[in-house]
Structure formats: structure tokens, C-alpha cells
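Worth saying up front: this structure is predicted, and the values here are computed from it rather than measured. Indexing begins at 1, ligand by ligand and atom by atom, following the structure's order.
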Amino acid sequence: MWVDQMENEQELMRIGVSLPDNLLTRFDDILAKRGYSSRSEGIRDAIRSYIRYYEWTSEVKGSRVGVISLTYNHNQRGLVDELANIQHKHLDVIRSSLHMHVDAELCMEVIMLQGDVSEVKLVAEGLMALKGVQHLKLTTISVEE
Ligand code: NI
């Protein structure tokens with residue numbers, strides 16, 4: 001099912017969203033550079049991309065190799081332990097990881113995985129849900145013929 005088709009001739013709903021000031025400033029900068037006429041149109045496009053990405057990752061099945069890259073603030077209380085706990089619970093799909101200290105607070109981690117994509121996604125979603133994780137991206141590649 002395509003998002004655009006479902007949207008056709010739909011009534012517009014108004015929502016109120018609370019955002020940190022710097023997040024909105026960065027978003028507005030991008031909208032200005034890309035020539036959007038309104039913030040609402042930019043937000044609609046951003047939500048469409050988010051839904052497409054989610055649907056795409058939901059449709060992927062079978063055995064994959066993948067990479068999870070994430071950044072986080074290592075001063076966030078309990079976060080380092082939580083990150084380690086999740087990874088130790090999924091030893092059967094986690095093959096390797098690489099850690100980089102970006103600055104005084106920020107860390108970047110790259111985790112390489114192999115196995116059924118449902119478990120790979122479980123690891124990514126578990127990490128993404130942790131407070132203090134700022135960005136997380138999962139990419140996978142099929143290893144089946
Ligand atoms: Ni670090």
C-alpha cells in the first residue's frame with residue numbers, strides 16, 4: 001500500500017508538536033535550502049519518508065548482513081551498560097563492533113551483524129529506544145541467491 005494513494009482526497013488534520021528549538025532551526029534551514037514554501041509541506045514530506053523507510057525495512061526478509069551505526073552521549077546515565085546488555089543478548093547475530101570517541105561526550109559505534117533480518121531489526125530497535133542514543137541507522141544486504 002502506498003502512502004500517497006492513501007493520502008488522496010483526505011481531509012487535513014491539524015496537530016501540535018513540541019520540538020527542541022535547535023531541531024526546528026535545523027529543519028527550517030533544510031526547508032529553506034530545498035525551496036519549500038511552508039513548514040507544513042516539509043513536515044508532510046519528512047513523515048512520508050519516515051513511513052516509507054519503515055515499510056521498506058518491514059518488508060525485508062531472510063538472511064542478511066548488516067551494519068548498525070549509531071551516535072550517543074556516553075554521559076547519559078546507564079546508557080553504556082544498556083548498549084552492552086542488548087549486544088550481549090544477541091551474540092548469535094552480532095559479529096563485530098567498532099567504537100570511536102567523537103568528542104568529549106559523543107561516541108559513535110558501528111555494529112556488524114549477520115543472520116535473520118528479524119533479529120537484526122530487533123537489535124536496531126532495542127538500541128534506538130534507549131535514552132541518549134541520538135542517531136541510529138540500519139542498512140542490510142541480502143546474502144541469499
Ligand atoms: Ni566513546
Side-chain angles (χ1 to χ4, degrees), residues 1-4 6-7 12-145:
M1 213 182 302
W2 298 98
V3 179
D4 297 336
M6 289 191 295
E7 275 178 22
L12 293 177
M13 308 291 286
R14 267 186 175 276
I15 56 164
V17 184
S18 305
L19 296 171
D21 187 38
N22 66 337
L23 185 63
L24 193 57
T25 305
R26 287 164 58 202
F27 187 69
D28 284 343
D29 286 348
I30 295 170
L31 295 186
K33 281 178 193 149
R34 300 190 68 183
Y36 278 89
S37 55
S38 77
R39 190 185 268 163
S40 286
E41 190 49 42
I43 290 170
R44 284 195 285 273
D45 264 6
I47 292 175
R48 285 185 198 107
S49 307
Y50 183 86
I51 292 170
R52 276 201 203 95
Y53 177 74
Y54 182 82
E55 288 181 346
W56 176 75
T57 57
S58 304
E59 283 161 14
V60 174
K61 295 212 163 33
S63 183
R64 313 279 289 187
V65 287
V67 177
I68 295 170
S69 49
L70 67 152
T71 56
Y72 61 91
N73 183 332
H74 82 271
N75 290 327
Q76 177 72 44
R77 185 182 290 271
L79 179 58
V80 173
D81 284 347
E82 293 275 7
L83 288 167
N85 284 341
I86 290 178
Q87 294 185 58
H88 282 271
K89 272 184 204 152
H90 295 277
L91 291 176
D92 48 331
V93 290
I94 294 177
R95 293 279 178 272
S96 184
S97 72
L98 183 68
H99 187 104
M100 181 172 93
H101 310 297
V102 179
D103 62 25
E105 295 182 339
L106 193 69
C107 294
M108 179 176 181
E109 214 150 291
V110 178
I111 303 164
M112 277 164 278
L113 311 97
Q114 180 175 18
D116 193 86
V117 73
S118 60
E119 190 173 354
V120 169
K121 276 190 281 192
L122 211 60
V123 178
E125 280 161 9
L127 296 171
M128 201 185 292
L130 298 175
K131 193 172 185 216
V133 171
Q134 295 175 350
H135 293 281
L136 184 143
K137 193 159 189 177
L138 166 66
T139 52
T140 69
I141 297 169
S142 176
V143 289
E144 290 173 343
E145 286 299 305

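- Annotation: salt bridge (charged side-chain N to carboxylate O under 4.0 Å, His left out) contacts of D92 (sequence neighbours excluded): none.
- Closest of all the heavy-atom pairs between Q134 and L106 is OE1-CD1, 3.1 Å.
- For the Ni ion (ligand 1), protein N, O or S atoms closer than 2.8 Å were enumerated as H99 NE2, H101 ND1, C107 SG, with waters left out.
- With a 4.5 Å cut-off on side-chain heavy atoms, L127 and Y72 do not count as touching.
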(message) Assess the residue pair R48 and E41 against the criterion (salt bridge (Lys or Arg N to Asp or Glu O under 4.0 Å)); give the C-alpha distance rounded to whole Å, side-chain angles, the decisive distance to 0.1 Å, and a yes or no.
(response) CA-CA 11 Å; R48 285 185 198 107; E41 190 49 42; 3.8 Å; yes

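- Residue pairs meeting the salt bridge (charged side-chain N to carboxylate O under 4.0 Å, His left out) criterion with at least one partner in residues 13-32, sequence neighbours excluded, are D28-R39.
- Within the structure, every pair that satisfies the ring pair (Phe, Tyr, Trp, His ring centres under 6.0 Å) test and touches residues 85-125, not counting sequence neighbours, is listed here: H99-H101.
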